[in-house]
Amino acid sequence: AQTVTQSQPEMSVQEAETVTLSCTYDTSESDYYLFWYKQPPSRQMILVIRQEAYKQQNATENRFSVNFQKAAKSFSLKISDSQLGDAAMYFCAYRVFTGNQFYFGTGTSLTVIP
Amino acid sequence: GAVVSQHPSWVICKSGTSVKIECRSLDFQATTMFWYRQFPKQSLMLMATSNEGSKATYEQGVEKDKFLINHASLTLSTLTVTSAHPEDSSFYICSARDRAWNEQFFGPGTRLTVL
């Protein structure tokens, strides 16, 4: 069974600093996607970054980057130069390459301190 | 980018009544749509998967007679909460898959409060 674990229910970071959110997952599949979604107070799910498991290169999107360790089944999100607008709940998610269903972690609430 | 809308964004109803929530893909055809439920400060829980023109597939523990899902067209899926009770109060989110892009896009959610 596929499971996604986020061991940090809450994190805080000083504005302009860097923070890393952790995520581990369990799967027997070899081809899959990993995602980080942001859910601000509006509750709209926003895709932050996506990683294909077959790609060795870590995905980056501006201030957001991931550290994907396939053998360790680890997928952490690094947010650089944190901004007040980054404050939100962050969910790690997994999807089999050819499948439909997302498996979400329990989320990490990020607070950005001015 | 692809947009998924939900209507209404929030609804308050009396216990025992039924409420319908619509999920629409605005600029793409969604062969598959998903309905999630989210309790405060918790993760998204998949309730069901609906494919256009066929019956929805419900996750274990989700009452199909209580949460009726209809996916009548490639751009519209509806979730009807029948005989709503206060414990059905929650945030409901839909997502839609675009086959061409193999991507899923989330709607903004609907907050249901049952009095």
Side-chain angles (χ1 to χ4, degrees), chain A residues 1-11 21-25 29 31-55 59 61 75 87-111, chain B residues 1-11 21 23 26 30-52 54 56-60 62 69 71 77 90-99 101-113:
Chain A
Q2 289 87 355
T3 58
V4 179
T5 301
Q6 292 178 249
S7 59
Q8 307 153 315
E10 296 180 348
M11 291 282 285
L21 308 183
S22 300
C23 173
T24 58
Y25 59 96
E29 301 286 340
D31 293 327
Y32 50 87
Y33 292 107
L34 294 165
F35 307 83
W36 278 99
Y37 280 91
K38 170 185 177 181
Q39 188 180 42
S42 68
R43 307 292 289 273
Q44 171 75 61
M45 295 288 282
I46 301 168
L47 177 64
V48 175
I49 202 164
R50 182 180 83 169
Q51 174 81 42
E52 290 89 342
Y54 65 86
K55 291 187 177 179
E61 286 289 343
F75 183 62
M89 182 72 80
Y90 286 81
F91 291 99
C92 178
Y94 160 99
R95 176 165 70 86
V96 175
F97 190 73
T98 56
N100 283 319
Q101 184 174 349
F102 276 90
Y103 296 88
F104 286 93
T106 50
T108 296
S109 178
L110 178 66
T111 300
Chain B
V3 177
V4 176
S5 70
Q6 279 184 244
H7 178 79
S9 56
W10 59 270
V11 57
I21 302 170
C23 176
L26 298 185
T31 53
T32 307
M33 288 185 171
F34 308 86
W35 288 95
Y36 295 86
R37 185 172 181 177
Q38 186 180 31
F39 290 105
K41 298 187 179 181
Q42 293 189 23
S43 189
L44 280 70
M45 180 190 76
L46 180 65
M47 299 175 65
T49 301
S50 73
N51 292 295
E52 186 263 339
S54 62
T57 302
Y58 291 81
E59 296 299 302
Q60 191 173 9
V62 178
I69 292 172
H71 191 161
S77 176
S90 190
F91 194 69
Y92 293 88
I93 302 174
C94 74
S95 72
R97 177 182 176 183
D98 180 291
R99 173 177 286 179
W101 300 337
N102 196 27
E103 291 281 356
Q104 282 194 38
F105 304 94
F106 286 87
T110 296
R111 180 176 301 283
L112 169 64
T113 301

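Note that the coordinates shown come from a computational prediction; the quantities given were computed from them, not determined experimentally. By convention in this document, chain letters (A, B, ...) are assigned in the order of the sequence lines, proteins followed by strands, and residues within each chain are numbered from 1.
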### Message
Using side-chain heavy atoms (C-beta onward) and a distance below 4.5 Å, is A:M45 in contact with B:Q38?
### Response
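No, their side chains stay 4.5 Å or more apart.
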### Task
May I ask you to test the A:Q39-B:I93 pair for a side-chain heavy-atom distance under 4.5 Å?
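Result yes, sub-4.5 Å side-chain heavy-atom pair found.
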#### Entry: Pair A:F102 and B:Y36, ring centroids less than 6.0 Å apart
no
### Task
Please flag which part of B:Q6 lies under 4.5 Å from any non-hydrogen atom of chain A: side chain, backbone, both or neither.
neither
Value rounded to 0.5 Å, distance of [atom1] in [X] from [atom2] in [Y]:
| X | Y | atom1 | atom2 | answer |
| --- | --- | --- | --- | --- |
| A:Q101 | B:T32 | CD | OG1 | 12.0 Å |
| A:R95 | B:Q104 | CZ | CD | 5.5 Å |
| B:S43 | A:M89 | OG | CE | 8.5 Å |

Only pairs of heavy atoms separated by less than 4.5 Å count here; which of [options] has the most with chain B?
| options | value |
| --- | --- |
| A:L47, A:I46, A:T106 | A:T106 |
| A:F35, A:F104, A:Y103, A:Y37 | A:F104 |
| A:G105, A:S109, A:G107 | A:G105 |

### Query
Between A:F91 and B:Q42, what is the shortest heavy-atom contact and its length?
CZ-O, 3.7 Å
